[in-house]
Structures are given as structure tokens and as C-alpha cells.
Amino acid sequence: MVRTRFAPSPTGYLHIGSVRTALFNWLFARHHGGQFILRIDDTDRQRNVAEALAPILSGFRWLGLDWDEGAEIGGPHGPYYQSERLDRYQAAAAALLDRGLAYWDYATEDELRAERQEAEQAKRPYRNSRRWMAETPDDRKRFEAEGRTYVVRLKMPREGRCVFDDHVRGRVEVAWTEEQDHVVQRADGTVLYNLANIVDDEDMRISHVIRAAEHLSNTPRQIFMLEGLGYRRPEYAHVPFVAETGSKNKLSKRRIGEYLKNPEFRKLYQHGEAIAQAAKLEVAAETFNPVIVDFYQQVGYLPDAIVNYLLLLGWSLDDKTEFFSREEMIRAFSLERVGKAPASFDPKKLSAFEDHYMRVEPLDRKVEMAMTFLDRAGLTADRARVRQVIEAAGDRIKVAGDILDYAGFFVPDDALAFDEAAFDKRLRTPPEAKALLQKFQAALNALDPYTAPAVEQRLQEFVQAEGIGHNQIIHALRVAVTGKAVGFGLFESLAILGKSQCSARIDRALSRA
RNA sequence: GUCCCGUUCGUCUAGCCCGGUCCAGGACACGGCCCUUUCAAGGCUGUAACACGGGUUCGAAUCCCGUACGGGACGCCA
């Protein structure tokens with residue numbers, strides 16, 4: 001039975017690279033008809049775990065990555081919060097001591113530092129001297145008589161090699177001499193990640209550990225412990241980290257200032273920022289960041305686009321296929337086709353996926369998404385009109401928040417904002433503009449029905465009768481009724497607004513000019 | 001410093017394990033033309049890469065060695 005897991009720390013945000021790892025775990029489990037477990041790597045010391053966890057769980061739900069056991073839903077192998085599992089870890093630490101695989105270390109930090117420095121100066125690799133190692137009650141008494149406190153350290157092998165197979169990297173061999181006597185339990189009894197991790201994986205019957213490559217070096221010490229404790233050895237797959245745009249550095253949320261110097265990254269960010277402003281979103285600087293999944297959720301990206309993009313971040317099926325439905329990706333996914341090199345986060349590519357998915361998104365769903373953005377922006381929008389605008393805008397709406405580019409269709413006529421530069425250029429500057437517009441307004445007002453084709457026909461007749469070019473009327477008309485220099489089809493725009501609104505807006509523009 | 005890893009068009013990548021079908025395929029981006037009331041979109045079309053140096057071989061993106069560059073891990077963090 002395949003069982004995979006993802007174990008986020010409750011940090012308050014979901015990093016795009018983490019989601020990619022989670023997605024691979026999810027896909028692998030689903031591909032094999034197994035289970036995906038969402039375990040929470042919190043610690044005793046953390047406060048407000050629920051609060052910090054909420055955005056993470058919300059991100060998972062939004063992306064459609066459902067879990068079979070874990071946070072909020074429980075399951076037969078819980079508890080799924082590390083903070084509630086301390087007794088299990090302590091029992092494991094005790095067992096390691098019992099079996100001679102770990103020892104009580106009474107060294108002070110100063111003593112250890114001195115040893116490290118000494119090794120460094122002698123240019124030889126540091127290795128714990130085990131001078132303050134206690135393995136018997138007598139040893140312990142002696143050290144404790146000196147007022148020392150202890151931590152529990154692994155008594156790592158000092159010869160031979162650790163060998164394991166990795167679904168991504170192939171066979172991995174590490175000399176045990178490369179390994180330190182790692183601490184597994186602190187003086188206060190709490191345990192460290194590596195121990196907690198193997199205990200959890202054992203208890204939760206995890207069959208495949210799919211995690212970021214930075215954990216590769218944790219693997220030998222984990223294998224040492226789990227074999228000593230008689231646990232099953234899971235299969236491993238270490239997937240490369242997600243790199244920055246155009247570099248090989250690990251993508252980090254803190255370096256956003258740096259990333260904004262990249263034109264493509266900045267474009268992605270500013271687009272989102274404009275939407276957030278128009279929609280009056282209260283965004284936290286902490287999470288309003290294209291490195292964090294929240295960002296996409298907030299400005300109205302489609303989860304399918306994000307997931308499809310993330311899938312190709314380090315995985316590919318062949319040399320052609322790019323688009324995968326959930327079913328297709330579940331069927332096609334395999335660890336063997338995960339690449340070994342870091343994959344760079346590419347904002348352009350992500351936008352391209354978003355474009356594609358938005359294009360095939362059913363109209364009703366787009367209307368639904370757009371409504372929430374209009375709502376937040378404080379615009380009272382009629383559903384039928386939203387639908388018309390979305391239809392007319394077509395693929396100009398790349399993310400749901402883009403509906404706010406067409407806010408002009410949802411404001412009262414006397415509140416329409418004009419693009420001043422366009423207004424000057426099209427209405428104030430050309431000497432004949434006002435007269436033509438006024439004349440055409442009269443022609444439009446006589447029109448019935450007021451449909452896009454009818455408006456277009458009337459315009460053709462008008463330019464012929466007047467002996468003018470299209471350009472002499474079209475631009476002025478667009479600015480007058482939409483306030484903007486650009487937009488979707490002018491005739492559709494007029495038809496959507498209707499005769500009375502168009503006429504009122506033209507009146508207002510004329511008096512203003 | 002020690003150990004491990006990576007390097008294919010501007011970008012993301014396929015191909016590498018099992019050498020010839022690769023004068024390297026796809027996508028995105030970019031250029032040109034067409035279409036066009038603006039902005040998009042669409043159609044056609046084009047530019048563009050095996051990090052470098054040796055070796056093995058009839059033949060190397062693919063195998064071996066070295067160099068350069070980049071990265072990751074080296075915690076009483078997770």
C-alpha cells in the first residue's frame with residue numbers, strides 16, 4: 001500500500017516549492033491508489049498553531065489537493081500533530097539509548113566548540129571525541145556530580161557506508177565517517193526533527209518519502225535510527241528544489257526584493273498588485289508574494305493552472321505534452337521522470353498556463369469568480385451584464401481579478417473615470433471631434449434595436465455620409481462611453497451599456513470637453 | 001573547508017541510463033507577414049542551445065577523465 005505524506009510547519013504561508021513537493025506526493029499516492037497524509041510539523045513552543053495553519057490548509061483545499069488522513073480530519077494513525085506526539089519520540093530516544101545506538105552526552109557547548117576549532121585548525125574533518133559520553137549509570141552520576149547536563153546523541157558508525165536507492169538520484173552511497181553524532185534529544189526532553197520524522201513515518205506507515213533534496217543529507221542518519229529501532233525502511237525520492245527565475249539559487253520568499261528586479265517577475269507581481277488595489281484587498285506584505293500560493297488565490301488565478309504549472313516544474317512526461325487534467329496527471333505521474341537538476345520558477349510560463357486554463361474555463365464559472373471581485377471593489381454589478389462583459393472581453397481576462405479593468409461598465413454614468421491623456425487626444429484636441437460625436441449621438445439615439453451589428457451598421461452609414469474615416473469617430477466614441485483608450489469591441493461595448501447609458505455618457509463627455 | 005550534485009535555444013524543458021533515427025524535439029517569450037475600429041486573440045512564418053578541454057569509438061548531447069561556473073548539505077532549525 002502506497003502512503004505518502006507532506007508535513008508542513010505552521011508558518012502562516014505556503015511556499016510554491018513546498019506545494020510542488022506536496023503535489024508530487026499527492027500524485028504519487030493517487031497514481032497508486034494509496035493515501036496522502038497531511039501531518040503537521042509543529043512544536044511545543046509554537047503558539048497560534050491553528051492560526052498559522054489556516055492559510056496552508058486553505059491553500060491545499062483551493063488547489064484541490066485533498067488528504068486522506070491528518071490535520072483537521074484525523075485518521076487511524078494519529079495524532080497527526082507533532083506537538084501531541086512527544087511521548088512517542090521520547091520512547092524512541094530511550095530505545096536508542098537502550099540498544100547502545102545513542103548515548104548521553106555531557107559536553108558543554110564551549111567544550112564542543114573548542115573541539116571543532118581544533119579540528120578546523122588541524123585541517124582535519126571534525127568528529128565528536130565522545131569524551132563526555134555516558135553509557136552507564138555510573139558514567140552519568142560522575143558527570144552529573146560535576147553539575148553537567150546532557151543531550152542524547154546518536155552513536156554513529158565510524159566505518160563502512162550507508163547505501164540507499166533513491167527514485168530520483170539513483171543509488172546513493174555515503175561513508176559513515178561523513179556523519180556526526182547528531183543530537184536527537186535536547187536537555188529539556190524535546191526531540192529534534194530527524195528522530196521525530198522517522199517515528200512519525202513509521203507510525204503512519206509511510207511507504208514513500210518524497211521530499212526536497214535538501215533532506216538528502218538527513219537520510220543516512222535517519223536510516224541508522226530506523227534500522228536500529230527495527231522500523232521498516234521507506235522508499236526515498238529526493239526532488240530538486242525550485243530555483244529563482246533565471247538562476248540556480250533556491251527560491252526564497254525573503255528575496256522578493258531581488259526578484260522584482262527581474263522584468264517578468266515584476267510584471268507578475270505588479271499585475272497582482274493592481275488587482276489588489278482595485279479590489280481593495282487587504283493584503284499582507286508577508287504573503288502577497290508570487291513565491292507564496294496565497295498570492296494567486298487572492299488575485300484570481302485558476303488552481304488548475306497553478307497545479308499544471310507546478311507539475312512541469314521538474315517533471316515531464318515526454319517532449320510534447322504540456323497540459324494535463326487532474327486525471328491525466330495522476331495516470332501519467334512517476335518519480336522516475338522527475339529531473340535531477342533544479343527547476344527555475346518561470347513567471348512567463350505560469351502566465352501562459354493561466355491564459356490557457358482561463359480560455360477553457362466555462363463562462364458561468366468565470367462570471368462567478370468575477371462577481372466576487374466586483375463585490376470586493378464595492379461595485380454593484382448585475383449578473384447578466386457581468387456575463388456580457390466577460391463574453392465580450394474574451395481572453396483579455398487572464399485572471400478573475402482582471403474584470404476590474406472593465407469596472408467602467410459597472411459604475412454610474414456620472415462616476416465614470418476618464419483616461420485624461422486619451423480624453424485630450426480624442427475629444428479636446430481634434431477640432432471636429434465634438435461636432436461629429438454629437439451628430440453621431442443623434443443617429444444612435446434613433447437606433448432600435450440597439451445591438452452591436454446595428455450600431456456598427458449605423459457607424460458605417462455615418463462615416464460614408466460624412467465623408468470621414470472610421471478613426472475620426474471611433475476613438476472619440478470609445479473614450480466617451482468607456483473612459484478608456486483601449487478595450488474590447490467598441491460596438492459590443494455600446495450594446496452592453498445600452499442606448500440611454502451611452503447617450504448619457506456622451507452628453508457628459510461633450511460637456512466636459 | 002569537507003561531502004554531494006547540477007550545467008541542452010532568452011526561459012522552462014525532451015533526448016543522456018541502453019552512442020548512430022538529433023546538422024537536437026516541444027512550449028513560452030521574441031521577430032516578420034496576414035487579419036484588424038483600439039487592445040488582445042488568431043493564422044502563417046522565422047531567429048535561437050548540447051558550459052569548456054581532452055579521451056574512447058567508424059560514429060558522442062549521449063560513455064570516461066579533467067577544467068570552469070553554479071548550487072545544495074554540513075545546527076541542541078525543520
Side-chain angles (χ1 to χ4, degrees), chain A residues 7-9 11 18 41-43 82 105 107 109 112 119-121 123-126 149-153 168-170 172-175 177-180 182-188 190-194 196-197 211-220 238 240-241 243-250 262-264 309 312-323 336-337 339-353 355-356 359 393-398 405 422 426 456 459-460 463 469-475 477-479 482 484-491 493:
Chain A
S9 300
T11 51
S18 308
D41 271 11
D42 59 347
T43 67
Q82 284 196 336
D105 184 17
E109 286 188 36
L112 288 175
E120 202 176 314
Q121 273 164 10
K123 298 210 170 173
R124 83 187 130 71
Y126 168 73
T149 57
Y150 69 88
V151 296
V152 178
R153 272 185 199 277
V168 175
R169 341 265 321 175
V172 180
E173 294 193 35
V174 183
T177 49
E178 298 297 328
E179 287 286 320
Q180 303 297 326
H182 307 281
V183 175
V184 292
Q185 186 172 23
R186 299 184 184 93
D188 66 4
T190 57
V191 303
L192 266 18
Y193 167 79
N194 280 299
N197 194 70
R211 72 211 327 187
E214 46 268 45
H215 290 290
L216 193 64
S217 58
N218 287 328
T219 310
H238 287 92
F241 58 86
E244 299 169 349
T245 310
S247 109
K248 295 277 186 257
N249 293 329
K250 195 160 82 173
N262 174 295
E264 300 302 334
Y309 174 69
L312 273 329
L313 211 46
W315 179 88
S316 66
L317 176 63
D318 54 30
D319 61 345
K320 295 218 165 51
T321 321
E322 297 249 312
F323 297 111
E336 279 63 31
R337 293 203 55 85
K340 282 206 241 315
S344 297
F345 175 73
D346 182 358
K348 278 187 310 211
K349 195 88 175 178
L350 193 158
S351 305
F353 276 101
D355 280 12
H356 171 86
R359 219 169 284 176
D395 43 34
R396 289 169 184 82
I397 295 182
K398 312 277 191 205
D405 286 346
R426 301 303 186 185
E456 180 168 13
L459 183 113
Q460 302 298 353
V463 296
H470 288 177
N471 289 346
Q472 287 175 270
I473 182 70
I474 278 176
H475 299 298
L477 191 53
R478 180 186 294 282
V479 174
T482 71
K484 296 187 166 197
V486 298
F488 51 76
L490 175 61
F491 310 120
S493 300

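Sequence lines set the chain letters: A, B, ... in the order given, protein chains first and strands last, and positions in each chain run from 1.
- Among the heavy atoms of the strands, none lies under 4.0 Å from A:G394.
- In this structure, of B:A78, B:G6, B:U37, it is B:U37 that holds the atom nearest to the side chain of A:L490.
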Anything under 3.5 Å between a protein N or O and an N or O of nucleotides 23-25 of chain B, put it in a table, one pair a line.
{"from": "B:G25", "atom 1": "O2'", "to": "A:K320", "atom 2": "NZ", "distance (Å)": "3.4"}
{"from": "B:G25", "atom 1": "N2", "to": "A:D319", "atom 2": "O", "distance (Å)": "3.3"}

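- Separating the C1' atom of B:C50 from that of B:C63 is a span of 15 Å, rounded to the nearest Å.
- Positionally, the nearest nucleotide of RNA chain B for A:L312 lies more toward the 5' end than for the other of A:L312 and A:E456.
- Rounded to an integer number of Å, the gap from NE2 of A:H470 to C1' of B:C35 is 16 Å.
- Separating the C1' atom of B:C17 from that of B:G53 is a span of 25 Å, rounded to the nearest Å.
- Looking at which nucleotide of RNA chain B each of A:K349 and A:A485 is closest to, the 5′-most match is held by A:K349.
- Using modelled atom types, one side-chain atom of A:Q180 and one backbone atom of A:Y126 make a donor-acceptor pair closer than 3.5 Å.
- A:F488 comes within 4.0 angstrom of a nucleotide base, judged by non-hydrogen atoms across all strands.
- Summarising the geometry, atom CG belonging to A:D105 is positioned 9.5 Å from atom OG1 belonging to A:T149; distances are rounded to the nearest 0.5 Å.
- A:R169 and A:H238 get closest at one heavy-atom pair: CD-O, 3.7 Å.
- At whole-Å resolution of the value, CZ in A:F491 and P in B:U38 are 10 Å apart.
- At distances below 3.5 Å, at least one donor-acceptor pair connects side-chain atoms of A:K484 with backbone N or O atoms of A:D405.
- Taking the P atoms as reference points, B:U8 lies 22 Å from B:U47, given to the whole Å.
- Summarising the base pairing, B:G42 is matched to B:C34 through a Watson-Crick or G-U wobble pair whose two defining distances lie under 3.5 Å.
- Taking the P atoms as reference points, B:G19 lies 29 Å from B:C12, given to the whole Å.
- Residue A:W315 contributes atom CH2, which lies 19 Å from atom P of B:G26 at whole-angstrom precision.
- Formation of a donor-acceptor pair under 3.5 Å by the A:T482 side chain with backbone atoms of A:R478 is found in this model.
- Taking atom CZ on A:R396 and atom C1' on B:A41, their separation rounds to 7 Å, with Å as the unit.
- If you take atom P in B:C18 and the same atom in B:U13, they sit 25 Å apart, rounded to whole Å.
- At the heavy-atom level, A:K348 lies under 4.0 Å from base atoms of the strands shown.
- Atoms CD (A:E264) and C1' (B:G10) sit 10 Å apart, rounded to a whole Å.
- Distance NZ (A:K340) to P (B:G15): 11 Å, rounded to an integer number of Å.
- Contacts of A:G489 with the nucleic acid, taken as non-hydrogen atoms under 4.0 Å apart, include base atoms.
- For B:U7, the paired base is B:A68 (Watson-Crick or G-U wobble, both distances below 3.5 Å).
- A donor-acceptor contact shorter than 3.5 Å is absent between the side chain of A:Y309 and the backbone of A:S351.
- With hydrogens and angles disregarded, no donor-acceptor distance shorter than 3.5 Å links the side chain of A:S344 to the backbone of A:A243.
- Spacing of C1' atoms, B:A48 relative to B:C23, comes out at 14 Å, to the nearest Å.
- Here the side chain of A:R359 is nearest to one of B:A78, B:A41, B:U37, namely B:A41.
- Of the side-chain N and O atoms in A:R337, one or more sit less than 4.0 angstrom from OP1 or OP2 of B:G15.
- In this structure, A:S344 reaches the B:C12 phosphate: one of its side-chain N or O atoms is under 4.0 Å from OP1 or OP2.
- Taking every side-chain heavy atom of A:A341 into account, B:G6 is the closest of B:G26, B:A78, B:G6.
- Nearest to the side-chain atoms of A:K398 among the listed nucleotides B:C4, B:A40, B:C28 stands B:A40.
- With B:A78, B:U38, B:U37 as the candidates, the nucleotide lying closest to the side chain of A:Q82 is B:A78.
- In this structure, the CD1 atom of A:I473 is 14 Å from the C1' atom of B:U38, given to the nearest Å.
- A donor-acceptor contact shorter than 3.5 Å is absent between the side chain of A:S316 and the backbone of A:L312.
- Distance check: A:I473 CD1 to A:L490 CG gives 9.5 Å after rounding to the nearest 0.5 Å.
- Taking atom P on both nucleotides, B:C39 is separated from B:C30 by 15 Å, rounded to a whole Å.
- Taken from OG1 in A:T190 to CD in A:Q185, the straight-line distance is 7.5 Å, to the nearest 0.5 Å.
- Classified by interplanar angle (parallel below 30°, tilted 30° to 60°, perpendicular above 60°), the ring pair A:F323/A:F353 is perpendicular.
- With both ends at atom P, the span from B:C16 to B:U62 equals 12 Å, rounded to whole Å.
- Across all strands shown, B:U21 forms no Watson-Crick or G-U wobble pair with both key distances under 3.5 Å.
- Remark: B:U57 base-pairs with no nucleotide in the shown strands. Criterion, Watson-Crick or G-U wobble with two distances under 3.5 Å.
- Residue-level contact check: A:A343 touches the backbone only, with heavy atoms under 4.0 Å from sugar-phosphate atoms and none from bases.
- Look at A:S316 and you'll find a side-chain N or O under 4.0 angstrom from OP1 or OP2 of B:A14.
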Heteroatom pairs (N/O) under 3.5 angstrom, protein to nucleotides 69-76 of chain B:
{"from": "B:G71", "atom 1": "OP1", "to": "A:N249", "atom 2": "OD1", "distance (Å)": "3.0"}
{"from": "B:A73", "atom 1": "OP1", "to": "A:K250", "atom 2": "NZ", "distance (Å)": "3.4"}
{"from": "B:A73", "atom 1": "O2'", "to": "A:S217", "atom 2": "OG", "distance (Å)": "2.2"}

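- Judged by distance alone, with hydrogens and angles left aside, the side-chain atoms of A:R337 form no donor-acceptor pair with the main-chain N or O of A:W315 at under 3.5 Å.
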